[in-house]
Amino acid sequence: MMGSGTAVVEAVLEDRRGIGLDIDPLALRLGRVKTMPLRADSLGAAGYKVISRAHALLAKGKAIEQNLAQRFDERTKAFIDYWFLPKTQRELTALALAIEEVADTPARRFLELTFSSIIVTKSGGVSRARDLAHSRPHLVESKIPKNALEQFSLRLRRNLGSIAELKTNGVIAAPLAGDARSMPFADGVIDLIVTSPPYANAIDYMRAHKFSLAWLGESVVDLSELRARYIGSERVGSAEYVRLPSKPERVIRQLTESDASKAAILRKYFVEMRAVFKEMYRVLRSDSAAIVVVGTSVMRGIDVQTHHCLADIAAELGFNVIGVVRRILDRNKRMMPARFGRKTDSMIEQRMHEEYVIGLLKP
Ligand SMILES: C[S@@+](CC[C@H](N)C(=O)[O-])C[C@H]1O[C@@H](n2cnc3c(N)ncnc32)[C@H](O)[C@@H]1O
């Protein structure tokens with residue numbers, strides 16, 4: 001659940017071997033680029049070459065039209081046609097083709113992320129969506145998307161400015177694709193886990209990431225299937241019944257009274273997190289810690305107390321709970337769902353400004 005790979009980068013900076021797992025293809029791409037040795041000057045040269053190549057492709061036009069006609073499968077094409085104007089599609093195809101021609105893998109991966117960042121933005125970037133960072137995407141008929149090549153050029157400059165060369169000193173940094181419920185590690189080999197799992201009822205990453213991943217060769221059908229495997233996803237299947245500790249059971253019961261389907265989502269989240277804690281316990285060495293950072297969730301006005309529920313679930317599996325502490329978040333750094341601002345949400349809003357750190361020890 002490494003997200004953009006912050007914990008892996010910090011591990012490397014501490015001369016530790018850092019391994020991160022995530023199920024999200026965009027998170028993985030971010031993690032890989034952040035832990036790769038990159039050089040700003042050669043990335044800059046590759047980036048500016050991509051821009052002039054994309055201009056040349058656009059001027060000719062034919063290669064773009066041909067590529068657009070066979071770039072996507074049927075469902076992905078329908079998605080692209082809905083969310084991107086024809087002019088933007090041509091610009092993005094030109095950029096994508098020019099990036100595909102970059103032979104140097106670290107440079108190409110860096111440029112793919114720059115490409116992604118002109119689409120997955122708060123404002124919906126060059127797509128026709130109103131907002132991708134927060135809410136369910138909404139199509140805005142009147143939106144005139146900016147020129148993709150200009151946006152790429154702006155982002156490139158900004159991203160080049162933020163590259164700090166990561167000196168790995170030969171230390172291994174490995175962002176891996178994987179499910180936190182079945183980690184590809186032997187028993188008792190991990191010295192420390194630092195992670196921040198998804199929250200119940202939280203932001204749906206895939207909803208937004210799909211917008212750029214579709215351009216980077218993924219099919220929306222595959223991505224939708226993958227989405228069901230995200231912890232905290234709202235798709236409730238016929239999972240086996242697991243009896244949870246009394247605190248989570250109590251919150252689920254309370255929520256069932258006002259909203260049975262939300263209660264089922266919450267149960268599924270706790271059961272999935274239980275599988276994660278079980279796996280964490282298995283891979284950790286004895287006398288080693290797991291630090292788990294969780295946000296707060298308010299569902300139908302009920303404060304879920306995720307931190308206490310998760311601590312109890314971990315304790316039942318054998319962990320010693322060393323402590324659960326509150327951390328106040330910087331308002332300006334926290335991404336808020338767009339709906340905030342209504343009076344009725346004030347309690348939720350207040351709770352969104354804090355998170356909890358759960359300290360666990362495998363005896
Ligand atoms: C709250 S975010 C982590 C944010 C991270 N701390 C950061 O700095 O970017 C939770 C992450 O868990 C990932 N995730 C969800 N379900 C997962 C699963 N079954 N296995 C592994 N990772 C999963 C999501 O893709 C997301 O990147």
Side-chain angles (χ1 to χ4, degrees), residues 1-13 18-35 113 116-117 120 132-134 162 166 173-185 190 192-213 218 222-237 239 265-266 268-280 282-283 290-297 304 306-307 310 313 327 329-330 333-337 351-358:
M1 304 179 289
M2 70 168 172
S4 61
T6 313
V8 187
V9 170
E10 291 300 324
V12 171
L13 294 175
I19 305 169
L21 277 187
D22 207 290
I23 203 169
D24 184 275
L26 197 56
L28 208 62
R29 282 170 175 275
L30 271 165
R32 288 204 174 123
V33 167
K34 279 170 73 173
T35 52
L113 279 187
S116 173
S117 68
V120 185
L132 279 186
H134 296 146
S162 65
L166 187 65
L176 304 173
D179 194 315
R181 290 164 293 181
S182 54
M183 301 187 211
F185 314 128
I190 303 291
L192 171 68
I193 294 175
V194 180
T195 192
S196 120
Y199 322 141
N201 208 24
I203 295 159
D204 184 343
Y205 297 96
M206 183 58 92
R207 220 179 248 161
H209 293 182
K210 220 165 53 169
F211 278 70
S212 76
L213 290 171
E218 310 266 359
D222 294 348
L223 293 175
S224 296
E225 275 164 25
L226 184 63
R227 186 187 198 170
R229 288 176 40 213
Y230 282 51
I231 289 163
S233 84
E234 298 199 346
R235 262 192 242 167
V236 181
I265 292 169
L266 184 61
K268 176 172 162 278
Y269 170 74
F270 284 142
V271 170
E272 287 169 343
M273 281 307 297
R274 184 177 185 277
V276 174
F277 281 120
K278 212 170 158 186
E279 197 58 354
M280 282 168 42
R282 180 185 71 76
V283 301
I291 312 295
V292 181
V293 181
V294 286
T296 53
S297 301
V304 173
T306 315
H307 45 292
L310 292 183
I313 290 169
R327 201 173 86 89
L329 297 169
D330 182 340
K333 290 190 183 152
R334 181 79 167 86
M335 286 232 264
M336 292 293 166
R351 297 305 313 272
M352 290 289 281
H353 295 293
E354 55 190 41
E355 64 182 11
Y356 288 84
V357 184
I358 310 171

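Atoms within a ligand are numbered from 1 in the order they appear, just like the ligands themselves.
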Is it true that a side-chain atom of Glu272 and a backbone atom of Gly232 form a donor plus acceptor pair closer than 3.5 Å?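 Checked: pair present.
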Without swapping roles, check the side chain of Arg282 against the backbone of Met183 for a donor-acceptor pair under 3.5 Å.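 Looks like yes, one N/O pair under 3.5 Å.
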Side-chain touch Tyr356/Val292, heavy atoms, less than 4.5 angstrom: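 Not touching, per the 4.5 Å side-chain cut-off.
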Side-chain touch Leu21/Pro184, heavy atoms, less than 4.5 angstrom: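 Yes; the side chains approach each other to less than 4.5 Å.
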Considering only heavy atoms of [X], which atoms of ligand 1 have at least one such atom less than 4.0 Å away?
| X | result |
| --- | --- |
| Gly178 | 20 (N), 21 (C) |
| Asp24 | 25 (O) |
| Gly3 | 5 (C), 9 (O), 27 (O) |
| Pro198 | 10 (C), 12 (O), 15 (C) |
| Asp179 | 18 (C), 19 (N), 20 (N) |

Do me a favour and list the nearest non-hydrogen protein atom to [atom] with residue, atom name and distance?
| atom | value |
| --- | --- |
| atom 17 (C) of ligand 1 | Ile23 CG2, 3.5 Å |
| atom 3 (C) of ligand 1 | Ser196 O, 3.2 Å |
| atom 2 (S) of ligand 1 | Tyr205 OH, 3.2 Å |
| atom 5 (C) of ligand 1 | Met2 O, 3.7 Å |

Nearest heavy-atom neighbours spanning [X] and [Y]:
| X | Y | result |
| --- | --- | --- |
| Val294 | Pro197 | CG1-CG, 3.8 Å |
| Ala11 | Gly18 | CB-CA, 3.8 Å |
| His307 | Ile358 | O-CD1, 3.6 Å |
| Gly31 | Met2 | CA-CE, 4.4 Å |
| Lys268 | Tyr230 | NZ-O, 4.5 Å |

So is there a nitrogen or oxygen of [X] less than 3.5 Å from a nitrogen or oxygen in ligand 1?
| X | answer |
| --- | --- |
| Ile231 | yes |
| Ala180 | yes |
| Ser4 | yes |

Who passes side-chain hydrogen bond (donor to acceptor under 3.5 Å, both in side chains) against Asp22, sequence neighbours left out?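 Residues passing side-chain hydrogen bond (donor to acceptor under 3.5 Å, both in side chains) with Asp22: none at all.
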Of all the heavy atoms in Glu272, does at least one lie under 4.0 Å from an atom in ligand 1?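 Glu272 does not count as a contact of ligand 1 under the 4.0 Å cut-off.
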Any salt bridge between Glu355 and Arg327, counting N to O under 4.0 Å?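 The answer is yes: the pair qualifies as a salt bridge.
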Have a look at ligand 1 and work out which part of Ala7, if any, has a heavy atom under 4.0 Å from it: side chain, backbone, both or neither.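 Within the 4.0 Å criterion, Ala7 makes no contact with ligand 1.
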Side chain, backbone, both or neither: the part of Thr6 lying under 4.0 Å from ligand 1 by heavy atom: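 It is the side chain that gets close, since no backbone atom is under 4.0 Å.
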Look at atom 26 (C) of ligand 1 and find which of Val9, Val194, Asp22 reaches it with the closest heavy atom.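 Shortest heavy-atom distance from atom 26 (C) of ligand 1: Asp22.
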May I ask which of Arg181, Met1, Arg229, His209 has a heavy atom nearer to atom 12 (O) of ligand 1 than the others do?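 Residue with the shortest heavy-atom distance to the ligand atom: Met1.
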